[in-house]
Every structure is written in C-alpha cells, then in structure tokens.
J.: 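Before we start, here is the structure in question, set down as structure tokens.
Since the model is a prediction, treat every value here as computed from it, not as a measurement. Hydrogens, waters and symmetry mates are skipped; everything else that's a heavy atom, side chains included, is used.
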Amino acid sequence: MPTDEIRAIELLSRVSYGRVATSMRAMPFVAPARHVVADGRVLLRMHRGLGYHRACNGSVVAYGADNCDSGADHLWSVQLTGAAEIVEPTPEERAAFGPEPVRVDGEPFTPVFLRIEPQFVTVHELDCSGHAGAGTRGGGC
C-alpha cells in the first residue's frame with residue numbers, strides 16, 4: 001500500500017464522519033456518512049430513506065473527511081475516489097460503527113452500507129502551530 005494510502009487510512013480512523021460526493025439525476029450532491037476503515041477499504045453507513053445509496057452504488061464516488069473544525073494546530077484533510085458498492089457488513093464491521101442515529105430528518109434511521117475501494121487518495125496537512133491564534137476554534141491558519 002502506498003505511503004499516502006497508509007497515511008489516509010490512519011487519519012480517517014481518527015474521525016467518524018465525512019462526506020460522500022457523486023451525482024444524482026445528472027446533478028452533483030454531497031451527503032454526510034459515518035465511516036469505518038476495514039482491510040484498507042472505507043465502509044460507509046448512510047440512511048436508506050434518503051436514497052443516496054442508490055446513486056452511489058456501482059458509481060465512482062469521492063469521499064472526504066477532515067479535522068478542520070477540531071481546533072487542533074495540525075489540520076488535515078483526506079480525499080479518496082473509488083467505486084462504491086452496497087454491501088452487507090460483517091458483524092464486527094457493523095459493531096465498529098457504534099450506535100445508530102435514532103432519526104434522520106424526522107424519520108426512523110434505517111442503515112445501508114457502501115464499501116469504497118480507493119483508487120486515488122490525497123492527503124493535505126496544515127501545520128498552524130507557528131501562527132498567532134493557532135489552535136483556536138475557527139482561527140489558526
């Protein structure tokens with residue numbers, strides 16, 4: 001596994017949520033998703049009721065996550081692109097997600113899972129430790 005992929009997987013394991021992007025009815029969209037990393041691939045949990053999983057299934061998607069709202073002096077952002085497919089996670093993978101939301105937009109949460117096989121991975125890192133105001137929420141870099 002290339003160094004950028006190893007670094008990306010390590011960083012993704014530090015946060016729980018990111019954003020998946022693809023197109024639906026020829027229009028781009030971005031949706032939040034809970035993720036876990038399993039065997040070098042990214043497994044997403046989304047709400048079935050929104051239907052976004054249908055647009056992602058069998059398509060090339062982009063997925064991004066970051067710690068940019070953490071207030072940390074060291075900020076990072078991971079983006080990956082790859083084919084997504086609906087999967088049924090193993091019991092261990094499902095447990096790794098932790099508790100499910102109760103509701104999404106007022107309706108009961110029903111999970112659906114997508115696996116992304118990363119083809120292109122990009123990691124961007126910003127060191128803000130030398131800036132006045134670094135590490136403050138909304139400030140820093």
Side-chain angles (χ1 to χ4, degrees), residues 1-131 133-141:
M1 188 178 290
T3 305
D4 274 354
E5 279 188 46
I6 293 168
R7 181 73 175 138
I9 296 302
E10 189 269 326
L11 291 170
L12 282 175
S13 67
R14 295 182 187 183
V15 296
S16 300
Y17 285 86
R19 291 155 297 289
V20 63
T22 193
S23 64
M24 188 162 60
R25 291 181 226 112
M27 299 296 289
F29 79 92
V30 177
R34 170 79 168 91
H35 69 262
V36 296
V37 178
D39 298 323
R41 293 175 287 180
V42 177
L43 185 62
L44 306 181
R45 181 181 72 192
M46 301 174 72
H47 175 51
R48 182 181 300 275
L50 299 175
Y52 297 150
H53 63 288
R54 288 190 297 271
C56 295
N57 188 39
S59 297
V60 173
V61 302
Y63 188 73
D66 59 59
N67 75 336
C68 292
D69 198 29
S70 69
D73 286 342
H74 183 85
L75 302 177
W76 55 265
S77 176
V78 170
Q79 302 85 41
L80 59 91
T81 304
E85 66 175 322
I86 295 173
V87 296
E88 186 56 42
T90 66
E92 295 81 17
E93 290 170 337
R94 198 172 184 122
F97 280 103
E100 295 178 350
V102 175
R103 297 191 173 284
V104 173
D105 294 340
E107 67 178 63
F109 179 79
T110 305
V112 64
F113 300 89
L114 294 160
R115 187 175 317 275
I116 302 173
E117 186 77 42
Q119 298 299 311
F120 301 102
V121 176
T122 304
V123 177
H124 297 288
E125 299 185 66
L126 296 104
D127 181 357
C128 301
S129 60
H131 287 31
T136 60
R137 222 157 156 68
C141 291

J.: When rounded to the nearest 0.5 angstrom, what distance separates CE in Met46 from CG in Leu114?
T.: 6.5 Å

J.: Using the side-chain hydrogen bond (donor to acceptor under 3.5 Å, both in side chains) criterion, which residues pair with Ser77? Sequence neighbours excluded.
T.: Gln79

J.: Quick one: side-chain hydrogen bond (donor to acceptor under 3.5 Å, both in side chains) partners of Arg41, sequence neighbours excluded?
T.: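 In terms of side-chain hydrogen bond (donor to acceptor under 3.5 Å, both in side chains), with neighbours along the sequence ignored, Arg41 is linked to no residue.
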
J.: For a quick test of reading the model, state the closest non-hydrogen atom pair linking Ile9 to Gly40 and the distance between them.
T.: CD1-O, 4.0 Å

J.: Rounded to the nearest 0.5 Å, how far apart are CG of Asp127 and CG of Asp73?
T.: 7.5 Å

J.: Looking at Ala65 and Val15, what are the two nearest heavy atoms and their distance?
T.: CB-CG2, 4.0 Å

J.: Sequence neighbours left out, what pairs pass salt bridge (charged side-chain N to carboxylate O under 4.0 Å, His left out) with at least one residue falling in residues 51-68?
T.: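 Pairs touching residues 51-68 that pass the test: Arg19-Asp66.
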
J.: Would you list the pairs meeting salt bridge (charged side-chain N to carboxylate O under 4.0 Å, His left out) in which at least one residue belongs to residues 74-91, sequence neighbours left out?
T.: Glu88-Arg94

J.: Roughly how far, to the nearest 0.5 Å, is the OG1 atom of Thr90 from the CG atom of Leu43?
T.: 8.0 Å

J.: Please collect all side-chain hydrogen bond (donor to acceptor under 3.5 Å, both in side chains) contacts where either partner lies in residues 100-120, sequence neighbours excluded, each pair once.
T.: His47-Glu107, Glu93-Arg115

J.: List in chain and number order the residues that pass side-chain contact (heavy atoms from CB on, under 4.5 Å) with Ala21, two or more places apart in sequence or in another chain; answer none if no residue qualifies.
T.: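 side-chain contact (heavy atoms from CB on, under 4.5 Å) list for Ala21, sorted by chain: Val30, Ala62.
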
J.: Determine, step by step, whether Leu12 and Leu80 satisfy the side chain to side chain contact (heavy atoms under 4.5 Å, CB included) criterion, reporting the C-alpha distance in whole Å, the side-chain angles of both residues, the deciding distance to 0.1 Å, and the verdict.
T.: CA-CA 11 Å; Leu12 282 175; Leu80 59 91; 3.8 Å; yes

J.: With sequence neighbours excluded, give me every ring pair (Phe, Tyr, Trp, His ring centres under 6.0 Å) pair touching residues 56-86.
T.: His35-Tyr63

J.: What side-chain hydrogen bond (donor to acceptor under 3.5 Å, both in side chains) pairs are there with at least one residue in residues 9-18, not counting sequence neighbours?
T.: Arg7-Glu10, Glu10-Arg14

J.: Check this for me: Phe120, atom CZ, are more than 12 non-hydrogen atoms of other residues, nucleotides or ligands nearer than 6.0 Å?
T.: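 Count not over threshold, so no.
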
J.: Using the salt bridge (charged side-chain N to carboxylate O under 4.0 Å, His left out) criterion, which residues pair with Glu92? Sequence neighbours excluded.
T.: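 Residues passing salt bridge (charged side-chain N to carboxylate O under 4.0 Å, His left out) with Glu92: none at all.
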
J.: How far does CG of Asn57 sit from OG1 of Thr22, to the nearest 0.5 angstrom?
T.: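 These two atoms lie 10.5 Å from each other.
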
J.: For the CZ atom of Phe29 and the CE atom of Met24, what is their distance to the nearest 0.5 Å?
T.: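 Here the rounded value is 5.0 Å.
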
